[in-house]
Amino acid sequence: MTTPLNLPAQPPQRRHLVITRHPGAVQWVRHLLSPTAVESLPHLHTQDIDPNVSYYGVFPLNLAAAICAAGAECWALTLDMPPELRGQELSAEQLRALNATLVRYDVQRVGDPLKAGAN
């Protein structure tokens with residue numbers, strides 16, 4: 001008679017998800033993380049945040065805090081953006097030329113929202 005081994009469960013495989021509507025950013029992240037499989041979505045709803053995902057993008061603070069609160073990884077795409085390029089679609093090559101990097105953040109909400117008329 002054999003007995004089952006009490007092996008620890010394997011942790012779930014971490015997914016990599018770029019949240020952006022900009023194809024150049026998706027291409028740049030895919031190049032940086034290759035050969036890791038990288039998926040992309042144009043938008044992330046807080047109810048869809050998965051703790052087994054690393055999220056990459058330019059996030060508003062409330063979304064970054066929700067990503068971190070869920071136990072997921074929040075990576076911000078940062079770059080030296082000159083004012084004349086704001087609002088333009090940037091290619092992966094332009095992002096490299098602008099010294100784009102990915103920086104992991106741990107963002108936490110620390111207060112209650114202020115509401116109009118609450119003063």
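This is a predicted model, so every value here is computed, not measured.
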Euclidean distance, L95 CG relative to L79 CG, rounded to 0.5 Å: 6.0 Å

Is any side-chain heavy atom of L102 closer than 4.5 Å to a side-chain heavy atom of W28? yes

Going by the rule salt bridge (Lys or Arg N to Asp or Glu O under 4.0 Å), which residues pair with R21 if we only count those two or more places apart in sequence or in a different chain? none

Is it true that L32 and V38 fall in one hydrophobic cluster, defined by side-chain heavy atoms closer than 4.5 Å? yes

With sequence neighbours left out, write down each residue that passes side chain to side chain contact (heavy atoms under 4.5 Å, CB included) with P82, or none if nothing qualifies. E84, L85, L98

Just how far is it from atom CZ of R109 to atom SG of C68, taken to the nearest 0.5 Å? 14.5 Å

Return the CG to OG distance between L17 and S40, rounded to the nearest 0.5 Å. 7.5 Å

Salt bridge (charged side-chain N to carboxylate O under 4.0 Å, His left out) pairs, two or more places apart, involving residues 86-101: E93-R96

Just jot down the side-chain hydrogen bond (donor to acceptor under 3.5 Å, both in side chains) partners of R15, sequence neighbours excluded, or say none. E39

Closest approach of A64 to V107 (non-hydrogen atoms, all atoms of both residues): CB-CG2, 3.8 Å

Tell me, please, which residues at least two apart from H43 pass side chain to side chain contact (heavy atoms under 4.5 Å, CB included). H45

Which donor-acceptor pairs under 3.5 Å do side chains of residues 49-61 form with protein atoms, sequence neighbours excluded?
| residue | atom | partner | partner atom | Å |
| --- | --- | --- | --- | --- |
| D50 | OD1 | N52 | N | 2.8 |
| S54 | OG | E73 | OE1 | 2.7 |
| Y55 | OH | D50 | N | 2.8 |
| Y56 | OH | H16 | ND1 | 2.7 |

Name all residues meeting the side chain to side chain contact (heavy atoms under 4.5 Å, CB included) criterion together with V110; count only those two or more places apart in sequence or in a different chain, and write none if there are none. Q108

For T101, the side-chain hydrogen bond (donor to acceptor under 3.5 Å, both in side chains) test, sequence neighbours excluded, returns T78

Shared hydrophobic cluster, I67 / I19 (ILVMFWY, side-chain heavy atoms < 4.5 Å): yes

Taking only residues two or more places apart in sequence, or in another chain, which ones meet T20 in a side chain to side chain contact (heavy atoms under 4.5 Å, CB included)? V18, H22, A25, V26

Once salt bridge (Lys or Arg N to Asp or Glu O under 4.0 Å) is applied, do any residues pair with D80, and if so which ones, sequence neighbours excluded? none

